Structure formats: structure tokens, C-alpha cells
Amino acid sequence: MKLNFFNTMGRSVQDFKTLEPGVAKLYCCGPTVYNYAHIGNLRAYLFDDILRRVLEYAGYKVDHVVNITDVGHLTDDNDEGEDKMVKSSRETGKSVWDIAEFYTEAFFKDIDSLNIIRPTVTPKATDHINEMIAMIKRLEEKGFTYEAGGNIYFNIDKSPDYGKLALRDRQDLHAGARIKVDSNKKNPHDFVLWFTRSKFEHQAMVWDSPWGRGYPGWHIECSAMSMKYLGEQFDIHCGGIDHISIHHTNEIAQSEAATGRKWVNYWMHNEFLIMNKGKMAKSSGNFLTLDSLADDGFSPLDYRYFTLGGHYRSQLQFSKESLSAAARARKNLFDKVIRLKGETNNTPSSIISQEGQIYIKNFQEHLSTDLNTPRVLGELWLMLKDVGLGSQDKLAIIYEFDKILGFNLENLEEVEAESLDSDILELIDSRNNARKEKNWEKADKMRDILLEKGIIIKDTPNGTEWTRNV
RNA sequence: GGCGCCGUACCCAAGUGGUAAGGGAGAGGUCUGCAAAACCUUCAUGCACCGGUUCGAAUCCGGUCGGCGCCUCCA
């Protein structure tokens, strides 16, 4: 299966070829673990998951690395801002290390509940300080750094093609548009590799280094850890669209300066989730977590379905209304799968018919054309409505699609008929007696009573069924 | 100030030169004592607006209006 992805480097859809045949090396920027991930953050990891699944579907062995940033960085846009980890620590009374551990666990819990396949490696920044120091030394030896005011800076004027990812000329850069430029910098866009003299007090995490006790700049961790786990060159680097101009630009500058050659072949960036006419952001309080969605009765898989309905490179409009639509669609899909399992005695076709193969072919085309998951969902519904297709074929095709969609439909089971309280069973019994007597008024009244107790009644030709009103 | 993206039905959202996918909601119907579920049918002569190119434009070009993002940590 041939894959084509939009590469931010070059801004075009390009054929995907790996450096090493059959192996795809993928690095995705991960979370800073000072707070819960909000659903906008999670959109990025859902995108990573689709990408990873498609690569595996296409036959690649995937080395998937996601960093855990447990070193704090700037909180916000004013000079009085403090380290995020320190801030969280102060507010909760826990140590920065406990904060990091707590939110790292929360992150894994979130991605597990979204059916995101765990990355092959999830390195923590604090476990790789030595690798970062080694890389800074390498840059220092090659003359890309300078020391000023106690900090070590990367000199972007030594990188001729600085800004190539962001498509910007140095001259166009308007530094300090919103913040004061660090007066230690030779070029306003130089960035810190190692801090020893932070303007922020109470830096809780510090390490010894050749330049003094301090802590690393933000960008260096991704360069150091990706190279450790994937090598000095690898295939794909992804992250949010906001990373293009600064973080990834700086990662490229320092990585290629260190090795003297091209670092990453494909750059893939996901767009933002938009809520209330603006991006979801922790700092503005304009954000929701998976848990807060659960409070409104949404399952994590509802959110997974929702994000699949939009293309990863388009902003996605979030609202309770749009999520409800996705939740409804997801439920309809699951119901349909359960019914198909019943009809086929849980036996999908081992060989899909000629007509069915068309859907598989379209499915693959949609994915190989820059991961068009909205079209995959469209294809799925067309297939399900196709009267010329047998149930066993449909089930087999669904399972094929689900390798990417990731709803774990093969293991989907009808909710076990839990034992009901005897008083509810009695109500159902007596309602059926009322129905036999054609006492509809009484029967309807009892149905209302059951509904109040959270039981939905369905009278089918095979008898009365009930489900819990979830 | 610089850079980038976007504007498609009630909502979400595909489609980037050949005559508007899909989902949700809504409407009508079959079935049912009624309901629910299921199934069927229906739902944009038009893609912000104005010009232009073309046999043909939601799609390309120019302009106008509106929205979002980045240039600061940030998915």
C-alpha cells in the first residue's frame, strides 16, 4: 500500500518512503505533565495513533517515540510567570516530581481510554539530561553556541537555512512582538540550550553540567531523545501546528547543526480543536478534559469518533452539540455491529466478496491520501447501507476498517444482561400481564416508572427487552 | 507589523476544474396497542460576497467582508 502524506517541509503531499525498508521511525511531541491533558491536546495523540496504525496497516514495523516533558517551562506571557511544574507544585503542595508522576499516569489513562496504542517508547526528559548535555557539548564544539549571562544559547546565525520549515526569512521575524527580548541574545531568535541563571526563582529541578548547575532549554530534549531512540536520521516527526515556527524550527537547527546533515524527512502537524471561537488552552481556562466529558455522559470513544470526523489538518469545531452528534453516530455504529454479529453468529467472511473488496480498496485510498479519516467514515456508512452486501461481508469489512478506526469492534459485546433487582423484574412482569389484558394505560404507566428507574423497555416480537438508560 | 489557514445545509464535516460524500438533527412512512428499536424515503439548482479565466469553477486568479492560528510556553 502506497502512502502519501502532507509534509510541512515543502508544504505538499508527498510519496512516503522510509530510510530503512519496512521500518517507519516516528517521533511525536508529547505532553508536558503539569496538568491534565485537555481534549485539544488529545486530538494530537489521536492523530498520532491514526498515523501509527496506518503505517502498520501498510506493513511497516513502527518505532513510535513520544516524549514526556517533565521539566517545567515558562507558564505564560509575563515576566513574572513561573515554571509550570513549580506553579503546579506550589498550588497543590506536592513536589514537582510527584506532580510529574501523577500527570504522567493521568496521561496514560487518557490515551488508553481513547484506544490509542501505546508508543513503543515514552522517554522522560528528566531521565535524559546526560544526552541533552552531550548534545549541547557537541554543538559547543562545533561553534554553534555562546554563553551570555550564565546561560548557553544557540546562535541561529550559524544555521544558514534557519526557518526553512516555517517558511520564514530571518528578516521577516518580528521578535518580541509580545514579549521583551532577552538582552543576552545576539539574535532575538537565538534560544537557550542550558539555563544556569533563570529569571524564575525556585527552579526545583536542577542538574550539574559543564556550564554550571541548571536545567535544559525546552527544545533540546526532543532532539536528544529522538536521536537516542531513532537514530540521527528518522522518518517522521509530528506535533501540533503551533510547533512549526519555534519549537520544530529550533529542533531542526540544533539537530542538523549537531550532525551536519538532514535530520527528519517528513514533518506532519495537526490543526487545533476550536471551542467558543478560539483554540482550547489551559492558560485561558477554555478547556475540557476527558473526565469532564464523562460527567456529561460521553465516553472517550465518542470523542475518538468525533475527531475522526474531521481531517487532521483542519480546525475542528467543538461543541456539546457536535460531540453529541458524534456520540449518536458512534452508538448507531456499535449497535449495528452487535446486530451483525448476531445475524452472522459472530462469523465474518473469511474471504470478502468482489463487491465488498471495492470498499476495502476505497478505504485504503482514503487513508493513503493524507489520512482522510472523514472519508473512511463516509465509506463505512455507505458500506453498511449497501443492500447488495451480505452480513458476513459487512462484518469482515468493518473489522478491516477498525484496524485504523480503533474502536476494538471485534471485542464489542452486547452489554451483559446483568441481574436486575427483583422489584424491577416484578414491574416488568406485571407490565406484561397488563399488556396481555390489554390494559394499556397501566402498562404505559409502568413503563414510565421503569424509565424513572433507568430502565428502557422495548417490546419486540420475541418478547420484552430492556436496556439501561446510560 | 510579518507569516499561515479557513468561510460548504439547522449542527459537525468531506470534496481543490466536470456538475455538492458521510454523520447527527428534522420531516414523512413501514412495523408496533402505543412507544422504543430497526428499516425505507426525504432534506444545499447551490458552496461568504463581487469580478475574472474556462466549454465548464465550491474548486483556479484578483478584490471585499468575516473567522482562526502562529510570531511567547502551547497539541
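All figures in this text were calculated on a predicted structure; none of them were measured in a lab. Naming: A, B, ... by sequence-line order, numbering from 1 per chain.
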For [N], give its Watson-Crick or G-U wobble partner with both distances under 3.5 Å, or none.
N      : answer
B:rG69 : B:rC3
B:rA21 : none
B:rC31 : none
B:rU54 : none
B:rA48 : B:rU64
B:rG26 : B:rU42

Send over the distance from [X] [atom1] to [N] [atom2], rounded to a whole Å.
X        : N      : atom1 : atom2 : result
A:Arg431 : B:rU32 : CZ    : C1'   : 12 Å
A:Lys438 : B:rU32 : NZ    : C1'   : 12 Å
A:Leu333 : B:rA38 : CG    : P     : 12 Å
A:Lys331 : B:rA36 : NZ    : P     : 13 Å
A:His189 : B:rG2  : NE2   : P     : 15 Å
A:His247 : B:rG69 : NE2   : P     : 21 Å
A:Asn35  : B:rA75 : CG    : P     : 10 Å
A:Ile274 : B:rA75 : CD1   : P     : 14 Å

Please say whether the positively charged group of [X], taken as NZ for Lys or CZ for Arg, lies over the ring of [Y], i.e. under 6.0 angstrom from the six-membered ring centre and within 45 degrees of the axis.
X        : Y        : result
A:Arg304 : A:Phe306 : no
A:Lys185 : A:Tyr153 : no
A:Arg118 : A:Phe108 : yes
A:Lys279 : A:Phe272 : yes

[X] side chain: which of [options] is closest?
X        : options                : answer
A:Gln317 : B:rC70, B:rC68, B:rA13 : B:rA13
A:Phe272 : B:rC70, B:rA75, B:rA36 : B:rA75
A:Gln315 : B:rC70, B:rC34, B:rC68 : B:rC68
A:Arg339 : B:rA38, B:rA75, B:rC68 : B:rA38
A:Leu316 : B:rA75, B:rA13, B:rG4  : B:rA13
A:His38  : B:rA75, B:rC5, B:rG15  : B:rA75

Select base, sugar-phosphate, or nothing to describe what [X] touches, counting heavy atoms under 4.0 Å on all strands.
X        : answer
A:His269 : nothing
A:Lys458 : base
A:Phe318 : nothing

Distance between the [atom1] atoms of [N] and [M], in whole angstroms?
N      : M      : atom1 : result
B:rA27 : B:rG18 : C1'   : 33 Å
B:rG4  : B:rG46 : C1'   : 29 Å
B:rU54 : B:rA48 : P     : 23 Å
B:rU19 : B:rG33 : C1'   : 50 Å
B:rC5  : B:rU16 : C1'   : 15 Å
B:rC60 : B:rU8  : P     : 15 Å
B:rA57 : B:rA20 : P     : 12 Å
B:rG28 : B:rC65 : P     : 44 Å

Does a side-chain N or O of [X] approach OP1 or OP2 of [N] to a distance below 4.0 Å, or not?
X        : N      : result
A:Lys320 : B:rC11 : no
A:Asn362 : B:rA21 : no
A:Ser314 : B:rA14 : yes

| task | Return yes if the base of B:rC34 and the side-chain atoms of A:Arg447 contain a donor-acceptor N/O pair under 3.5 Å, otherwise no. | result | yes
| Distance-only donor-acceptor test (3.5 Å): side chain A:Asp242, base B:rC73 | no
| query | Centres of the A:Phe5 and A:Phe16 rings: under 6.0 Å? | reply | yes
| message | For the aromatic rings, using the six-membered ring if either is Trp, is the centroid distance between A:Phe6 and A:His311 under 6.0 Å? | response | no
| task | Tell me which of A:Val387 and A:Leu273 sits closer to the 5' end of RNA chain B, going by the nucleotide each one is nearest to. | result | A:Val387
| Which of these, A:Asp370, A:Thr373, A:Asn372, A:Asp48, sits in a side-chain hydrogen bond (donor to acceptor under 3.5 Å, both in side chains) with A:Tyr312? |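 Only match with A:Tyr312 under side-chain hydrogen bond (donor to acceptor under 3.5 Å, both in side chains): A:Asp370.
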For nucleotides 22-24 of chain B, which of its nitrogen or oxygen atoms have a protein nitrogen or oxygen under 3.5 Å away, and what is each distance?
from   : atom 1 : to       : atom 2 : distance (Å)
B:rG23 : OP1    : A:Lys385 : NZ     : 2.9
B:rG24 : OP1    : A:Asn332 : ND2    : 2.6

| query | Can A:Trp207 and A:Thr126 be said to form a side-chain contact (heavy atoms from CB on, under 4.5 Å), step by step? | reply | CA-CA 10 Å; A:Trp207 294 266; A:Thr126 53; 3.8 Å; yes
| said: Using 30° and 60° as the class boundaries, would you call the ring planes of A:Trp267 and A:His237 parallel, tilted or perpendicular? | reply: parallel
| Checking side chain to side chain donor-acceptor pair (under 3.5 Å) for the pair A:Tyr27/A:Asn67: CA distance, chi angles, key distance, verdict? | CA-CA 8 Å; A:Tyr27 184 90; A:Asn67 60 298; 3.2 Å; yes
